[in-house]
Amino acid sequence: LVVSLTGSALAAPPIRAKWTVMVYISGDNNLEDYVVLDIENELAPTGSSADVQVVALADRGPGYDTSYGDWQTTKLFHVTQGMTAAPENAVADWGERNMGDPQTLVDFVSWSKSNYPADHYALVFWGHGWNWHPGYVMLDDTNADTLDYEEMKPILPSLGFIDVVGYDGCNMASIEIFDLWHGYATAVTSSQEYVGWEGLQYDLVLAQLAANPNLPADQLATAFAQSATADKTWSAVGVVL
């Protein structure tokens, strides 16, 4: 508790972590079946700690998964160990947000940095992808929109510096994507080809990060890339910018 000079109680400032891992889950499409699975089976086994905070913005849609009351709005989760993806475990409900709108991404990163400040940040894009091609990346069916390459350019200053950027989506390892983040990130990890259903293995990476919260950005990017190849379904690269 912090007390002001007038004697009134003030909210204690957030504790600064070593890393905050932000996962932007664009599941309002045919990937919806994997939203709950990835939160519960890959993010929650390790969850958050004083050194490593894990947050996820998750959007679902109609037609694929009806678990937990078939919630379809966009929910913010501060992922704790063993947490389920039930709506009551969300720290906020943002209603129906368009994951293809760059403002949604700006709001998520801003919220995460304000509420879970850290020395270093990782931002992972979970969803469909096809590098610079319009009409594919972070597809949101309900809003019939995508987060296209050209839309990303003007918002990068608003995101602030991101130490590691990861793409849990197909065909995102292109020179255009690496150049996009040049000057705004230390390292990018992504796949140059089709991504299997397992994608990035967050449980493997978070366990490694929890064991060594001082892991530098290039090694964290490498860990993401190595986790993706663990099941031999796709290849990934980690690039230091």
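Between V109 and L123 the shortest side-chain heavy-atom distance falls below 4.5 Å. Between D93 and W71 there is no side-chain heavy-atom pair separated by less than 4.5 Å. Side chains of M99 and L147 form no contact here, defined as non-hydrogen atoms less than 4.5 Å apart. Inter-residue side-chain proximity for L209 and W19 is flagged as met; some heavy-atom pair is nearer than 4.5 Å. Under the 4.5 Å side-chain criterion, counting only non-hydrogen atoms from C-beta, D163 is not in contact with P216. Side chains of V35 and W126 form a contact here, defined as non-hydrogen atoms less than 4.5 Å apart. At least one side-chain heavy atom of V106 sits under 4.5 Å from a side-chain heavy atom of Q103. The side-chain heavy atoms of W94 and D59, taken from C-beta on, include no pair separated by under 4.5 Å.
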For this session: In sequence, state the C-alpha distance, the side-chain angles, and the governing distance for W181 and M152, and then conclude on side chain to side chain contact (heavy atoms under 4.5 Å, CB included).
Result: CA-CA 10 Å; W181 287 101; M152 288 292 296; 3.7 Å; yes

Exercise. Does the pair L57 and T104 meet the rule for a side chain to side chain contact (heavy atoms under 4.5 Å, CB included), with working shown?
Worked result: CA-CA 10 Å; L57 182 67; T104 302; 3.9 Å; yes

Exercise. Going through the checks in order, is the side chain to side chain contact (heavy atoms under 4.5 Å, CB included) test met by I25 and D38?
Worked result: CA-CA 10 Å; I25 303 179; D38 275 8; 5.7 Å; no

For this session: Could you give me the CA-CA distance, side-chain angles and deciding distance for T146 and M138, then say whether side chain to side chain contact (heavy atoms under 4.5 Å, CB included) is met?
Result: CA-CA 5 Å; T146 52; M138 300 299 108; 6.0 Å; no

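The heavy-atom pair separating S158 from S110 by the smallest distance is O-OG, 4.5 Å. Of all non-hydrogen atoms in L206 and V21, the two that sit nearest each other are CD2-CG2, 4.2 Å. Nearest heavy-atom pair, T46 versus A207, reported as atom, atom and distance to 0.1 Å: OG1-N, 3.7 Å. Closest of all the heavy-atom pairs between D101 and D145 is N-OD2, 4.0 Å. Of all the heavy atoms in Y24 and F108, the pair that sits closest is CD1-CD2, 3.8 Å. The shortest heavy-atom contact between P213 and V52 is CB-CG2, 4.3 Å.
Checked by atom type and distance alone, the side chain of D148 never pairs as donor or acceptor with a backbone atom of V137 at under 3.5 Å. Listed for the T80 side chain is no donor-acceptor partner under 3.5 Å among the backbone atoms of G47. A distance-only check finds no donor-acceptor pair linking the side chain of S191 to the backbone of C170 [under 3.5 Å]. Not a single donor-acceptor pair under 3.5 Å links the side chain of Y64 to the backbone N or O of G61. S112 contributes no side-chain N or O that, together with a main-chain N or O of M22, makes up a donor-acceptor pair within less than 3.5 Å.
Taken together through direct or relayed side-chain contacts under 4.5 Å among Ile, Leu, Val, Met, Phe, Trp and Tyr, F161 and Y121 form parts of separate hydrophobic clusters. Two different hydrophobic clusters hold W130 and Y149 under the rule that ILVMFWY side chains link at heavy-atom gaps under 4.5 Å. Note on L139 and V195: separate hydrophobic clusters, where clusters join Ile, Leu, Val, Met, Phe, Trp and Tyr whose side-chain heavy atoms are under 4.5 Å apart, directly or indirectly. Cluster membership for F125 and I175, using ILVMFWY side-chain heavy atoms within less than 4.5 angstrom, is not shared.
Using a 3.5 Å distance cut-off with no hydrogens or angles, the side chains of S67 and D65 do pair a donor with an acceptor. Counting only N and O atoms by type, the side chains of Q53 and N115 include no donor and acceptor under 3.5 Å apart. A donor and an acceptor atom, one from each side chain of Q208 and N212, are nowhere located under 3.5 Å apart. In summary, the side chains of N171 and Y136 do not present any donor paired with an acceptor at a separation below 3.5 Å, with no hydrogens or angles considered.
To the nearest 0.5 angstrom, L43 atom CG is 7.5 Å from M83 atom CE. Interatomic distance, CD of E176 versus CH2 of W132, reported as 7.0 Å (0.5 Å rounding). If you take CG on L31 and CG on D141, they are separated by 9.5 Å, rounding to the nearest 0.5 Å. We find the OG1-CG distance between T189 and D168 to be 9.5 Å, quoted to the nearest 0.5 Å. How far OG1 of T142 is from CD of Q72: 7.0 Å, rounded to the nearest 0.5 Å. The distance from atom CG of N89 to atom CG of L76, rounded to the nearest 0.5 Å, is 13.5 Å.
Here the options are T73, T74, D70, the test is side chain to side chain contact (heavy atoms under 4.5 Å, CB included), and the partner is R60; only D70 passes.
Counted within 6.0 Å of NZ on K18, heavy atoms from surrounding residues, nucleotides or ligands total 12 or fewer; the atom is thus considered open.
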